[in-house]
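Presented below is the structure to which this report refers.
Everything quoted here is computed from the prediction, not taken from an experiment.
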Amino acid sequence: MNSILVFITGVLMGAGILFIWAWFQEKSEAISLPTDFSEVSLDQLPFDGEWFVFWGGSTSDENAHHGIPTQHFALDFVISTSGEEKTHHAQGGINEDYLCWEQPIMAAHDGIVVISADGIPDNAPGEMNPQMVYGNTLMIQHKSGYVSVYAHLKQGTLKKKTGEVALSGEVIGLCGNSGNSSEPHLHFHVQSEVGFERGVALRPVFKRIHVNGAPKHDASPVKSETVGNPSRMPHEAEVR
């Protein structure tokens with residue numbers, strides 16, 4: 001009798017292992033996560049109008065995030081006054097002085113919200129919160145498995161909860177100054193896995209944008225460029 005029970009138990013355990021293996025294989029085929037610094041194609045920039053790339057690119061001179069595994073190609077966006085790199089009115093002593101403060105932030109690509117973290121107070125300009133590095137944050141996982149990250153959003157303005165769909169161009173929150181941020185701006189990056197500091201950085205390539213007023217295909221912004229979405233730019237030129 002005992003030998004029969006042992007045999008049945010062994011069969012059940014074997015079947016369970018086979019089921020788990022088959023499930024894992026199916027998931028692996030559905031989402032093949034990259035393991036190096038690959039490129040990913042995104043529909044649009046995550047904002048309206050023209051924004052200035054404060055940090056961006058793949059070298060330490062261009063990007064303060066250089067070398068951080070998940071943020072190697074991260075982008076910090078601000079709005080600057082025409083013809084100069086000034087990001088605020090008046091003295092810049094309050095968040096409301098900053099040109100990007102409370103500007104709508106949009107999903108760069110269709111996906112599912114996998115992390116929606118709100119409730120972190122915005123800093124006064126010049127102050128930072130290194131204990132909550134990302135601040136108020138949304139992470140959206142896209143069909144191929146990679147994740148776009150929108151950080152330092154304004155407290156109480158996140159418009160999506162975990163599990164909800166975010167469509168490309170849909171407003172998901174407002175630009176803020178929460179977390180490890182000294183002034184209002186949008187931190188944006190793409191990583192290979194869900195979670196904070198998980199996986200590797202992926203280079204965000206936008207299908208169709210304007211760079212310094214000129215239309216571009218498949219462009220990845222770098223430091224000191226002014227960028228915008230063609231559909232939201234005045235006097236759009238034909239892209240060839």
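- In this structure the side chain of F77 reaches within 4.5 angstrom of the side chain of F188, judged on heavy atoms.
- Membership of the apolar cluster around Y134 extends to V114, I115, V133, M139, V147, V149, V194, F196, as traced through chained side-chain contacts below 4.5 Å between ILVMFWY residues.
- Hydrophobic clustering places F206 together with I79 (ILVMFWY residues linked when any side-chain heavy atoms are closer than 4.5 Å, directly or through intermediates).
- Residues that satisfy the side-chain hydrogen bond (donor to acceptor under 3.5 Å, both in side chains) test with S58, not counting sequence neighbours, are absent from this structure.
- Taking Ile, Leu, Val, Met, Phe, Trp and Tyr as members and joining any whose side-chain heavy atoms lie under 4.5 Å apart, directly or through other members, L174 forms no hydrophobic cluster with any other residue.
- Counting only heavy atoms from C-beta outward, the side chains of L42 and Y146 approach each other to under 4.5 Å.
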Verdict with supporting geometry, V113 and L138, side chain to side chain contact (heavy atoms under 4.5 Å, CB included): CA-CA 7 Å; V113 175; L138 275 170; 3.7 Å; yes
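- Note on Y98: it does not cluster hydrophobically with L75, by side-chain heavy-atom contacts below 4.5 Å among ILVMFWY residues.
- V205 and F73 fall into different hydrophobic clusters, where Ile, Leu, Val, Met, Phe, Trp and Tyr are joined by side-chain heavy atoms under 4.5 Å apart, directly or via other members.
- When hydrophobic clusters are built by joining Ile, Leu, Val, Met, Phe, Trp and Tyr residues whose side-chain heavy atoms come closer than 4.5 Å, directly or via intermediates, W101 is not grouped with M106.
- Taking S148 as the reference, H142, Y150 meet the side-chain hydrogen bond (donor to acceptor under 3.5 Å, both in side chains) condition, with sequence neighbours excluded.
- Applying the salt bridge (charged side-chain N to carboxylate O under 4.0 Å, His left out) test to every pair with at least one member in residues 105-114, sequence neighbours left out, gives no pairs at all.
- Counting Ile, Leu, Val, Met, Phe, Trp and Tyr side chains that sit under 4.5 Å apart, directly or through other members, M132 shares a hydrophobic cluster with I120.
- A search for side-chain contact (heavy atoms from CB on, under 4.5 Å) contacts involving A74 returns H65, Q71, H187, H189, not counting sequence neighbours.
- Pairs passing the salt bridge (charged side-chain N to carboxylate O under 4.0 Å, His left out) check and including a residue from residues 111-121, sequence neighbours excluded, do not occur.
- Taking CD of Q131 as the start and CG of N180 as the end, the distance is 8.5 Å to the nearest 0.5 Å.
- The neighbour count for F54 CZ, taken as heavy atoms of other residues, nucleotides or ligands under 6.0 Å away, does not exceed 12.
- Side chain of E225 to backbone of V211: no donor-acceptor contact under 3.5 angstrom is found.
- For the residue pair E183 and T87, a side-chain donor N or O sits within less than 3.5 Å of a side-chain acceptor on the partner.
- The line from OG of S178 to CD of Q155 is 8.0 Å long, rounded to the nearest 0.5 Å.
- Applying the salt bridge (charged side-chain N to carboxylate O under 4.0 Å, His left out) test to D43 and every residue at least two apart in sequence or in another chain returns K207.
- For the pair P221 and L45, the tightest heavy-atom approach, listed with the atom from each and the gap, is CG-CD2, 4.3 Å.
- Clustering of Ile, Leu, Val, Met, Phe, Trp and Tyr side chains at separations under 4.5 Å places L167 together with I112, V165.
- The NE2 atom of H185 sits 8.5 Å away from the SG atom of C100 when rounded to the nearest 0.5 Å.
- K223 has no carboxylate O lying under 4.0 Å from a charged side-chain N of E62, or vice versa, which leaves the two without a salt bridge.
- Under the 4.5 Å side-chain criterion, counting only non-hydrogen atoms from C-beta, V40 is not in contact with R203.
- Sorted by first then second residue, the salt bridge (charged side-chain N to carboxylate O under 4.0 Å, His left out) pairs that include residues 159-178, not counting sequence neighbours, are K160-E170.
- Shortest non-hydrogen contact noted between G199 and S192 is CA-OG, 3.3 Å.
- In this structure a side-chain-to-backbone donor-acceptor pair under 3.5 Å is missing from N212 to V227.
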Residue pair N95, N177: steps toward the side chain to side chain donor-acceptor pair (under 3.5 Å) verdict: CA-CA 8 Å; N95 286 321; N177 189 26; 3.1 Å; yes
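- With rounding to the nearest 0.5 angstrom, the CG atom of D76 is 8.0 Å from the OG atom of S181.
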Derivation and outcome, side chain to side chain contact (heavy atoms under 4.5 Å, CB included), residues L186 and F47: CA-CA 9 Å; L186 172 67; F47 43 70; 4.2 Å; yes
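- Here the side chain of T137 pairs a donor or acceptor atom with the backbone of G135 at under 3.5 angstrom.
- At a cut-off of 3.5 Å, with distance as the only test, no side-chain donor of N129 or N123 sits close to an acceptor on the other residue.
- Pairs engaging residues 89-105 under the salt bridge (charged side-chain N to carboxylate O under 4.0 Å, His left out) rule: E102-K154 [sequence neighbours left out].
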Derivation of the side chain to side chain donor-acceptor pair (under 3.5 Å) call for E197 and T70: CA-CA 6 Å; E197 308 303 337; T70 57; 2.8 Å; yes
Verdict with reasoning, H66 to W55, per side chain to side chain contact (heavy atoms under 4.5 Å, CB included): CA-CA 10 Å; H66 174 82; W55 291 119; over 6 Å; no
Intermediate values then yes/no, side chain to side chain contact (heavy atoms under 4.5 Å, CB included), N229 and I209: CA-CA 5 Å; N229 290 309; I209 65 174; 4.3 Å; yes
